[in-house]
**Q** 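The structure is given below, and queries will be raised subsequently.
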Amino acid sequence: MDILDKLFSRELTRRTGEKAIKIDTNEKAKTRGRAKFLGSSALKASTKKSQKPKKIKPSKNSKNPSKNSKTKPKNIPKPQEGSLFRRLNIRFPMLKFFAVLIIGTAAILDLLDFTISKTYDTPAKIQTAPMSRHVKVSARSLTGKKLIILTFDDGPAPATTPKLLDILKKKGVPATFFVLGTMAKKHPDIVKRIKSEGHTIASHTMYHQSLPRISSQAAAADINEAKSVIKNITGENPAFTRPPYGNYNAAIQKLIDTPIILWSVDTLDWKTKTTDSIVSTALSQAKDGGIILMHDIYPTTVDAVSTLIDKFRAAGFEFASIDEVAKIRGRTLSNTPYYSFYP
Ligand code: NI
């Protein structure tokens, strides 16, 4: 008789008033009592078992149960897997608590998908500026939406750009501004506002020249002057470059150390200058992952933007930044031209 049996017999005697030796032969009662003694969590399982003794699988050593029961009872039911697990939970409640805490925190962070810092790979042969920057990825859901990118060229202009920024802020729409170096230099406060409101600052060169038509040195000077103007205002190099008129060639491409962003949707806002035609032209050409070209220097363009946003959203589109779309589409941007980010 082991120590546990002794203790159990004494406890049982104390509770029932019967002699321990009498109980010792009563296997059923002993089984039930011992389970009770072992712990309340094991009680249910062992009680169940003892109530249905036929289901108890005899162990290898219990070929002669009557003999064994008098000396060393072998068929005392061990706690079932379920009850053992429950007992472990009782012993390690902190372990369970921390597991839930860690999994919960990870799930919340994944859901929110807040500020992401990303670095773009660029071809090694081309000398590039550091392109690591913070990308604002808001908590709004872009999954299941057709994505569209708004871009504005030739500004900033004090008569129109602040009004446009008000609309974008109200509607919660991010945009990319391809600022002209000369305009940025004149209106640094607007450039700062564009940046502070979460939009992307990009370069449209300094003087809006068709770069392939001028000498390589002149083109390099134009690109670099705009770059330094933007860096002086924002503290950062322009994220992207759009050569004027979309004109570039292999030589120009080598001079540009950012991704070259062109467009897939031309609203012709500079030509048509009516709100209706700007909106309908944009809608008729737009596809998931498209880039819309507009100019923030025309009042009609600014007037069209609010309606354009509403109509695009009604058609199942959502506006996203270039970085957001590139990330969602799994593109690693290099300093090559991009017309769209179609799936
Ligand atoms: Ni332009």
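Just so you know, ligand 1 is whichever comes first in the structure, and atom 1 is the first atom listed for that ligand.
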**Q** Which ILVMFWY residues are connected to Trp270, directly or by a chain of links, through side-chain heavy atoms under 4.5 Å apart?
**A**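 Direct or chained contacts put Trp270 with Leu180, Met183, Leu268, Ile297, Tyr298.
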**Q** Counting no waters, what protein N/O/S atoms lie under 2.8 Å from the Ni ion (ligand 1)?
**A**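 Protein N, O or S atoms closer than 2.8 Å to the Ni ion (ligand 1): Asp154 OD1, His204 NE2, His208 NE2.
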**Q** Check the orientation of Tyr338 and Phe341. Use parallel for under 30°, tilted for 30 to 60°, and perpendicular for over 60°.
**A**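 Aromatic pair Tyr338/Phe341 classed parallel.
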**Q** Can you label the angle between the Phe319 ring and the Phe312 ring as parallel, tilted or perpendicular, going by 30° and 60°?
**A**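 Ring orientation, 0 to 90° scale: tilted.
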**Q** Looking at Thr234, is its backbone amide N or carbonyl O close enough to the side chain of Lys195 to form a donor-acceptor pair, meaning the two atoms are under 3.5 Å apart?
**A**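 It does hold such a pair.
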**Q** Which residues pass the ring pair (Phe, Tyr, Trp, His ring centres under 6.0 Å) test with His187, not counting sequence neighbours?
**A**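 Scan of His187 (ring pair (Phe, Tyr, Trp, His ring centres under 6.0 Å), adjacent residues dropped) gives none.
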**Q** Mind checking side-chain contact (heavy atoms from CB on, under 4.5 Å) for Ile260 and listing every partner two or more places apart, or none if nothing turns up?
**A**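 For Ile260 the side-chain contact (heavy atoms from CB on, under 4.5 Å) partners, ignoring immediate neighbours, are Pro243, Gln253, Ile256, Leu262, Pro337.
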